[in-house]
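Order of the sequence lines sets the chain letters (A, B, ...), proteins ahead of strands, with each chain counted from 1.
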2 protein chains.
Amino acid sequence: MDRIQLQNSFEAYFNEWGYEIDWQRLTVPMDVHVIRKDDYLFQQGDMANRLYFLHSGLVRYVSVSDEGKEFTQTFAKSPRIIGSTKAMVTGDHVLFGIQALEDCMVSSYPWQVFYEQMRQDIGFLECYAKFLERIFITKEERENAFVKHSAERRYLDFCASYPELKNTIPQQQIASYIGITPVALSRIRQRLKLNHV
Amino acid sequence: MDRIQLQNSFEAYFNEWGYEIDWQRLTVPMDVHVIRKDDYLFQQGDMANRLYFLHSGLVRYVSVSDEGKEFTQTFAKSPRIIGSTKAMVTGDHVLFGIQALEDCMVSSYPWQVFYEQMRQDIGFLECYAKFLERIFITKEERENAFVKHSAERRYLDFCASYPELKNTIPQQQIASYIGITPVALSRIRQRLKLNHV
DNA sequence: TATAGGAATTAACCTAGGTTAATTCCTTCT
DNA sequence: AGAAGGAATTAACCTAGGTTAATTCCTATA
């Protein structure tokens, strides 16, 4: 994948929303990151005030508590924007790291400059709003699941939502996504097996 | 408060971001809702695909599980936009209700029509994006707190973030905001009292 | 094919917070 | 002032999930 291809795949992502965007405005150079499986794009606590775009591969957002416990906030599959909106727009340190679950190809732009150049383009703004709506809705739904559903129900929902991940990623990561330990997940799977099947 | 005043307070809210917005584009009539303390603007499961603006008063977003347990997702103080982004943009049923903690004055517009009229205005789009960034960041931070901090820590953080609510709303609601029962909150307060002070 | 190292399971035990219920404390209304 | 009804506290008990550790299972490499 050369730079032009990366640029095209990035632009194609926005075009999916069906708005005209004048990419000529964008003159800031893109950075390219190749991340090997298990490595991090950035670590919790880093500065990450860039717009990252995942061209290929799969990542998870992983947040670790003071006691060292890992929590997986999100799985993200290419092609899509990744990163921390908070860190990007506020310049704060990021509250989670992004780890590659497969080899990944990522490009990035410094957000401040990127936004300054693109904010005159109505198509871009509308896409950006659609993107924000989408990620917000995802969080609303996930908060809802955490608050209203048991760990068992969250596991079943995970299996339904991510059938392709269910068998390809380690169970520890599934456990940390639904907010329990691997031991607890194993117990739940055991219980499910005994009941039906 | 008459309609003109409501309209002005709504527009003033957007102007805080410092963008020029051409409100002349907006011709759809505003609805006005007066909600008495403890009553609901809408209930969980309702259709709520409108843009709601809280002109005066204080509300909470309350989500109830299948077992009937209440969870407070957010406290929102006027002036600000309230409602469910998910329900507004997708037309889905809303996952929580909005309850007035004081008498409230709310206005609303049907989102589809509102957005269709305003999406040509670059100032509006930029404000809308800023608004979405803000509510998303709030959720990122809250998710972080739930995942990484104990109930005790969440209580202390609540007291620091909402000093004015700490003594004006019932403790049950504080408990349901930090995700525990009133009994557990009482225990935590007891423990804190014994340790220091 | 053997083996080393991580992944998952299982079992025993522990703990934070949930549940129920009794008691006390406030308000508010008459 | 007295009564009624909700809010908070406290205590006794329960449970889902955490913790630790031993055991088994896999898969990758020699």
Side-chain angles (χ1 to χ4, degrees), chain A residues 36-39 60 62-72 75 99-103 145-159 162 165-195 197, chain B residues 36-39 60 62-72 75 99-103 145-159 162 165-195 197:
Chain A
R36 295 276 156 225
K37 185 172 187 315
D38 298 330
D39 287 349
R60 66 179 184 130
V62 43
S63 184
V64 11
S65 74
D66 296 344
E67 299 86 45
K69 274 181 277 180
E70 282 198 356
F71 178 79
T72 299
F75 293 108
Q99 185 187 30
L101 301 184
E102 306 169 350
D103 291 353
F146 258 92
V147 157
K148 295 190 193 159
H149 304 330
S150 65
E152 176 174 318
R153 166 74 182 275
R154 288 189 323 262
Y155 173 64
L156 294 171
D157 287 349
F158 169 84
C159 294
Y162 296 91
L165 289 189
K166 194 193 157 195
N167 299 307
T168 54
I169 67 173
Q171 272 180 40
Q172 338 177 13
Q173 288 175 11
I174 301 178
S176 94
Y177 180 73
I178 64 180
I180 59 179
T181 59
V183 178
L185 176 57
S186 186
R187 270 193 296 240
I188 287 172
R189 285 161 50 87
Q190 169 71 1
R191 200 163 62 226
L192 289 171
K193 216 182 300 175
L194 293 180
N195 290 351
V197 176
Chain B
R36 296 276 156 226
K37 186 172 186 315
D38 297 329
D39 287 350
R60 67 177 182 129
V62 42
S63 183
V64 10
S65 73
D66 296 344
E67 299 86 45
K69 274 183 276 179
E70 282 197 356
F71 178 80
T72 299
F75 293 109
Q99 185 186 32
L101 302 183
E102 306 169 349
D103 291 354
F146 258 92
V147 158
K148 295 188 193 162
H149 303 331
S150 66
E152 176 174 320
R153 167 74 182 277
R154 283 181 338 251
Y155 174 64
L156 293 171
D157 287 350
F158 169 84
C159 294
Y162 296 92
L165 290 189
K166 194 193 155 195
N167 299 307
T168 55
I169 67 172
Q171 272 179 38
Q172 336 177 15
Q173 288 175 11
I174 301 179
S176 93
Y177 180 71
I178 64 180
I180 59 178
T181 59
V183 178
L185 177 57
S186 186
R187 270 192 297 239
I188 287 172
R189 283 161 53 86
Q190 170 70 1
R191 200 163 62 226
L192 288 171
K193 215 181 299 173
L194 294 179
N195 290 350
V197 175

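The side chain of B/Gln190 places no N or O atom within less than 4.0 Å of a non-bridging phosphate oxygen (OP1 or OP2) of D/dT9. The side chain of A/Arg189 contributes an N or O atom lying less than 4.0 Å from OP1 or OP2 of C/dT9.
Residues satisfying the side-chain contact (heavy atoms from CB on, under 4.5 Å) test with A/Lys166, not counting sequence neighbours, are A/Tyr155, A/Cys159. A search for side-chain contact (heavy atoms from CB on, under 4.5 Å) contacts involving A/Ala151 returns A/Arg154, A/Ile180, A/Ile188, not counting sequence neighbours. Among residues two or more places apart in sequence or in another chain, the side-chain contact (heavy atoms from CB on, under 4.5 Å) test is passed with A/Gln172 by A/Pro170, A/Pro182. With sequence neighbours excluded, the residues that form a side-chain contact (heavy atoms from CB on, under 4.5 Å) with B/Phe158 are B/Phe75, B/Tyr162, B/Leu165, B/Ile169, B/Ile174, B/Tyr177, B/Ile178. Checked against side chain to side chain donor-acceptor pair (under 3.5 Å), A/Asp39 has no partners two or more places apart in sequence or in another chain. Residues meeting the side chain to side chain donor-acceptor pair (under 3.5 Å) test with A/Gln171, sequence neighbours left out: A/Arg189. For A/Arg60, the side chain to side chain donor-acceptor pair (under 3.5 Å) test picks out A/Glu70, A/Thr72, A/Gln99, with sequence neighbours left out.
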- Contact letters for nucleotides 13-28 of chain D, in which S counts primed atoms plus P, OP1 and OP2 and B counts the base, heavy atoms under 4.0 Å: ----BBBB--------
Sort me out a list of protein N/O and nucleotides 3-7 of chain C N/O pairs below 3.5 Å, or just none if empty.
from	atom 1	to	atom 2	distance (Å)
C/dA7	OP1	A/Gln172	NE2	3.4
C/dA7	OP2	A/Gln172	NE2	3.1

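Rounding to whole angstrom units, NZ of residue A/Lys166 and P of C/dA8 are separated by 14 Å.
Direction change of the helix axis from one end of the helix from C/dT1-D/dA30 to C/dT30-D/dA1 to the other is 30°, with five pairs defining each end axis (rounded to 10°).
The two residues B/Lys148 and A/Ser63 make their nearest non-hydrogen contact at CE-OG, 2.5 Å.
Residue pairs meeting the side chain to side chain donor-acceptor pair (under 3.5 Å) criterion with at least one member in residues 178-188 of chain A: none, sequence neighbours excluded.
B/Asp103 contributes no side-chain N or O that, together with a main-chain N or O of B/Arg36, makes up a donor-acceptor pair within less than 3.5 Å.
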